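Contents: one structure, followed by commentary.
Please read these numbers as outputs of a predicted model, since none were measured by experiment.
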Amino acid sequence: MNEWLDFRRPRGGVTFIAVLFTFAGAVLPFVGETWFERYVCPIFVPLGIGLWLKHSWARWTMFTLLVVSMLIALLLLCLQGFSGRIVVRMLVSASMLYSLWDWDVYPEDDSKITLAPADD
C-alpha cells in the first residue's frame with residue numbers, strides 16, 4: 001500500500017519521532033528564543049507529517065539531519081571535552097537513526113489490509 005495519504009500510524013519508534021518533530025516544529029518558532037528555533041524548526045512540521053504519511057523523502061531527510069546532528073555532537077565532544085548533555089544528544093540521535101533505518105515502511109502483511117469491509 002504505497003499511497004500518497006496513508007493515514008495509518010507508522011510502526012515502531014517512527015511514530016514517536018513523527019509526533020515529536022511535528023510538535024516541535026509547530027511550537028518552538030513561537031516560544032523559542034534562538035535563531036534555530038525561530039527559523040529552522042518550522043521545517044520539522046512537514047518532515048514529521050511526511051514521516052507519518054510514510055514518504056521516503058521525509059525518511060531520508062530526517063536520516064541526513066540526524067547524521068549531521070551526530071557529527072556536530074561528536075565534533076563538540078572532541079573540542080569541548082566530555083559533556084553529559086552532548087552524550088545524551090548523541091544517544092538520542094543514534095536511537096532515532098536506528099528506528100528510521102530499521103523501519104519496514106510497507107511490510108508484506110500490509111498487502112492484506114483493506115480499507116473496505118470484505119464481502120462474504
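Ring centroid separation for the pair Trp101 and Tyr98 does not come in under the 6.0 Å cut-off.
Cluster membership for Val14 and Val92, using ILVMFWY side-chain heavy atoms within less than 4.5 angstrom, is shared. The cluster map of Ile, Leu, Val, Met, Phe, Trp and Tyr, joined by side-chain heavy atoms under 4.5 Å apart, puts Leu66 and Leu74 in different clusters. The cluster map of Ile, Leu, Val, Met, Phe, Trp and Tyr, joined by side-chain heavy atoms under 4.5 Å apart, puts Met96 and Val68 in different clusters. Leu75 and Leu71 end up in different hydrophobic clusters when Ile, Leu, Val, Met, Phe, Trp and Tyr side chains are linked at under 4.5 Å. Transitive grouping of hydrophobic side chains (ILVMFWY, heavy atoms separated by less than 4.5 Å) brings Tyr39 and Ile43 into a common cluster.
Counting heavy atoms from C-beta outward, Val40 and Trp35 have side chains that approach closer than 4.5 Å. Proximity of Ile49 to Phe21: side-chain heavy atoms (C-beta onward) are nowhere separated by under 4.5 Å. Leu47 has its side chain out of reach of Trp52: every pair of non-hydrogen atoms, C-beta onward, lies at least 4.5 Å apart.
The two residues Leu51 and Ala18 make their nearest non-hydrogen contact at CB-CB, 3.9 Å. Listed here is the closest heavy atom pair of Phe82 and Leu77: CA-CD1, 3.8 Å. Residues Pro29 and Ala24 share a closest heavy-atom pair of CD-O, 3.8 Å. When every heavy atom of Met90 is checked against every heavy atom of Ala73, the shortest pair comes out as CG-CB, 3.3 Å. Across all their heavy atoms, Arg59 and Leu100 have their closest contact at NH2-O, 2.7 Å.
Taking CD of Glu33 as the reference point, atom CZ of Arg38 lies at 7.5 Å (rounded to 0.5 Å). For the atom pair Leu65 CG and Phe44 CZ, the distance stands at 6.5 Å (nearest 0.5 Å). Considering CZ of Phe16 and OG of Ser95, their distance stands at 8.5 Å, rounded to 0.5 Å. A distance of 12.0 Å separates OG1 of Thr61 from NE2 of His55, quoted to the nearest 0.5 Å. The CG atom of Leu76 lies 10.5 Å from the CZ atom of Arg85; values are rounded to the nearest 0.5 Å. Distance check: Ile86 CD1 to Leu91 CG gives 12.0 Å after rounding to the nearest 0.5 Å.
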**OP:** Might you work through the side-chain contact (heavy atoms from CB on, under 4.5 Å) test for Met62 and Leu97, ending with a clear yes or no?
**Re:** CA-CA 8 Å; Met62 287 295 297; Leu97 273 173; over 6 Å; no
